[in-house]
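Residue numbers begin at 1 in each chain, while the letters A, B, ... track the order of the sequences.
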Number of protein chains: 2
Amino acid sequence: MMMISEAEAVVMDVLWREAPRTAEEILAEVGPAQNWQEGTVKSLLNRLLRKKAVHAERDGRRYLYRPLLKREQYVQQESKGLLDRLFDGRVAPLVAHFSEQRKLSKKDIAELRKLLKELDDEQS
Amino acid sequence: MMMISEAEAVVMDVLWREAPRTAEEILAEVGPAQNWQEGTVKSLLNRLLRKKAVHAERDGRRYLYRPLLKREQYVQQESKGLLDRLFDGRVAPLVAHFSEQRKLSKKDIAELRKLLKELDDEQS
DNA sequence: CGTGAGTATTTACGCATGTAAACATCGTTT
DNA sequence: AAACGATGTTTACATGCGTAAATACTCACG
């Protein structure tokens, strides 16, 4: 399974928010924050093309880029990887970890409650 | 903050389970599964030494290695990284993600319930 | 048609990684 | 003391990544 790197994921993020986009638009959105030059974004786009994570469609002299890899797929790969490596593939220990580190916000807790409730409901 | 690589983490894992250990013991435990030669483990140990993630104490002709980096620290770094990159730093969306993917086991759910209950109790 | 601006593609380069071979060191055995 | 075996250290090498300079392509314009 073709893995995309962290810098590449930053570019994907832009495309996940809205597509299609030109290289220029991507640079405009991400360049300032990442301190990237034009060439950097172009390179990343090309690597993403080679990895079949994006598709490019010609539009006059430039290209319109769209994501092929879905955000869900990427998130899934990444989180499953972490979970398997560190928490034996199970979710509860992960949450417990954050709980111990006091990294659960009020909001988190409330949302988790709600989530469990919903699971309960659809269960019956 | 000095990051350790995935292969290096495999070696750390052995040391986290039990320490101190010799290079030979580490190889014995991890070599078969990873298909690693002796040199590979030695190299990884040296990189870990340079990164101050393990400590080596001479014992006759060999060394005894112990972890300096704590498993908790490592887990913390890794999970915070993922959480920040993909879930805006919050735990509930992560769990929701797994829930949507039907990746929550019965056991997970039960444990999460218990966890929330405990938070509730200590709250009061 | 030649040129220049706008784009994209190729090449580069240093550093980390995965993997290991080559080399060095140091007690032990003739 | 010389050679050997065990162990650690150095060096190597391909690949990927982050970053970008160099180069190539493509229209619109003079």
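Remark: P of C/dA8 and CD of A/Gln37 are 16 Å apart, rounded to the nearest angstrom. Straight-line distance from the CZ atom of A/Arg21 to the C1' atom of C/dA8: 19 Å, rounded to whole Å. Rounded to a whole Å, the CG atom of A/Leu45 is 14 Å from the P atom of D/dG18. Between the CZ atom of B/Arg58 and the C1' atom of D/dA6 there is a distance of 12 Å, rounded to whole Å. Between the NZ atom of B/Lys42 and the C1' atom of D/dA6 there is a distance of 8 Å, given to the nearest Å. Look at CG on B/Leu49: it is 11 Å from C1' on D/dT9, rounded to the nearest Å. As a whole-Å value, the separation of A/Leu64 CG from C/dA8 C1' is 14 Å. Taking atom CE of B/Met3 as the reference point, atom P of D/dC17 lies 17 Å away to the nearest angstrom.
Between the side chain of B/Trp16 and the backbone N or O of B/Leu69, at least one donor-acceptor pair lies under 3.5 Å. The main-chain N or O of A/His97 is never found under 3.5 Å from a side-chain atom of A/Glu100 such that the two would form a donor-acceptor pair. Using a distance-only test at 3.5 Å, with no hydrogens or angles considered, a donor-acceptor pair links the side chain of A/Asn46 to the main chain of A/Lys42.
Proximity of A/Thr40 to the phosphate of D/dA20: a side-chain N or O atom is located under 4.0 Å from OP1 or OP2. Contact annotation: A/Ser43 does not reach the phosphate of C/dT10 (side-chain N/O to OP1 or OP2, under 4.0 Å). For the OP1/OP2 pair of D/dA20 and a distance below 4.0 Å, the side-chain nitrogens and oxygens of A/Trp36 include no atom meeting the criterion.
In this model, no side-chain donor or acceptor of B/Arg50 finds a partner on the base of D/dT10 within 3.5 Å. Residue-to-nucleotide contacts include no donor-acceptor pair under 3.5 Å from the side chain of B/Arg47 to the base of D/dT11.
Among the nucleotides C/dT17, D/dG8, C/dT7, the one closest to any side-chain atom of B/Tyr63 is D/dG8. Listed nucleotides D/dT7, C/dT17, C/dA8 differ in distance to A/Tyr65; the shortest reach to its side chain belongs to C/dA8.
Using a 4.0 Å heavy-atom cutoff across all strands shown, A/Asp59 reaches no nucleic acid atom at all. A/Arg61 comes within 4.0 angstrom of a base, heavy atoms only. Counting non-hydrogen atoms under 4.0 angstrom, B/Ala23 reaches the backbone sugars and phosphates but no base.
Residues B/Arg21 and B/Glu29 form a side-chain contact, since some pair of their non-hydrogen atoms from C-beta on lies under 4.5 Å apart. A/Met12 has its side chain out of reach of A/Tyr74: every pair of non-hydrogen atoms, C-beta onward, lies at least 4.5 Å apart.
Residue order along DNA chain D, read from the 5' end via each residue's closest nucleotide, puts A/Gln34 first among A/Gln34 and A/Gly60. Between B/Glu6 and A/Arg62, the one whose closest nucleotide on DNA chain C sits nearer the 5' end is A/Arg62. Heavy-atom nearest nucleotides on DNA chain C were determined for B/Lys51 and for B/Asn35, and the one closer to the 5' end corresponds to B/Lys51.
Just one residue in the list B/Leu82, B/Asp88, B/Leu83, B/Asp84 forms a side-chain contact (heavy atoms from CB on, under 4.5 Å) with B/Leu86, and that residue is B/Leu82.
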